[in-house]
Amino acid sequence: MNHYQHLWQDGSPGRFPTGKVVCIGRNYSDHAAELNNPVPDTPLLFIKPATAVVHLTQPIVIPKNRGEVHFETELAILIGQRLTSTTEENARNAIVGYGLGLDLTLRDLQSELKAQGHPWERAKAFDGACPLSPFVRAQALDAEHLHFSLDIDGKRRQSGDTSALLNPVLPLISYISEQFTLMPGDVVLTGTPKGVGPLHSGQRLTVRLQDVLCINTEIA
Ligand code: ZN
C-alpha cells in the first residue's frame, strides 16, 4: 500500500492528488554523453505512474536481483492546473512547487530494452521508482536558474542547474501539454545531469535545492 501524498516543505499536505510523473530523457548534454546516447531532436518523454511515487524522506527500497539500480537526481515540478496545449506563460502560472526527485532506473534492464527497441517502462515505472521530496512553493524561485545536487556518503556525485537544460522548464511543460494533458498533482521531472551510478543498501544520500531544501535519506 502506497501512502504517498504530496507535501509542502513545512510538512503540510498538498491539496493535490498524486498523479502521473512525466519525465524527459537526455535533457542535459553531459549526461547524454556519459551514456553514449545521442541528444534527440525532439524531447524524449516517458511516464512513471502514481504507483511509482514514494517519499524521498523515507528509507528508499530498491529492487533486488534485477541488476543495477541507478540514481538520477532531477528537479521536480508540481503542476497545479489542468494544462492542454498550453503556452509558456500559462505553464509558468501552473507551476505551484519545486522539489527534487530521483528517477530510479533499472539500468541493465533499460539497456536490454533499448537494444530491443522496446519501451522503457519496466526499467523506469516500477513501484518505488520515483522518490519525491517535499515541495517549495514556486513563487520563491526562478525556474530558469535552479541549482541542485546529490551527495552520497558525504561525496558530491551530481550537480545540475536548470540554466543548462537542453529543453528549458517552460518550453518543456508547453511541449508536454501538447502531447498529453497535465493535471493538478502531476509532476514533471526535468532530466538528470551527469554522474549517475548504482545504488547500494546502506548508502546515505543528501539532496539539496538551492539553499531552500536539504533532504537526508538512505538506501534501505
Ligand atoms: Zn531521468
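Whatever order the structure lists them in is the order used to number ligands and atoms, beginning at 1. Since the model is a prediction, treat every value here as computed from it, not as a measurement.
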All N/O donor-acceptor pairs, side-chain side in residues 210-219, below 3.5 Å, sequence neighbours left out:
from   : atom 1 : to     : atom 2 : distance (Å)
Gln210 : OE1    : His147 : N      : 2.7
Asn216 : OD1    : Thr206 : OG1    : 2.7
Thr217 : OG1    : Leu56  : O      : 2.7
Thr217 : OG1    : Gln58  : O      : 3.1

Before giving the answer on ring pair (Phe, Tyr, Trp, His ring centres under 6.0 Å), spell out for Tyr4 and His55 the whole-Å C-alpha distance, their side-chain angles and the decisive distance to 0.1 Å.
CA-CA 6 Å; Tyr4 178 87; His55 286 293; 4.4 Å; yes
Looking at Lys124 and Glu72, is there a salt bridge between them, counting it only when a charged N and a carboxylate O are closer than 4.0 Å?
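Salt bridge: yes.
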Do the side chains of Leu100 and Leu165 join up, straight or via other hydrophobic residues, at under 4.5 Å, putting them in one cluster?
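Yes, one cluster joins them.
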Donor on one side chain, acceptor on other, Thr73 and Gln158, under 3.5 Å:
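There is such a pair (donor and acceptor under 3.5 Å, judged by atom type) between the side chains of Thr73 and Gln158.
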Go through the side-chain N and O atoms of Thr86 and Ser177 and say whether any donor and acceptor fall under 3.5 Å apart.
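No, because no side-chain N or O of Thr86 sits under 3.5 Å from a partner of the opposite role on Ser177.
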Heteroatoms of the protein, restricted to N/O/S, which lie under 2.8 Å from the Zn ion (ligand 1)
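Checking every protein N, O and S atom gives Glu72 OE1, Glu74 OE2, Asp103 OD2.
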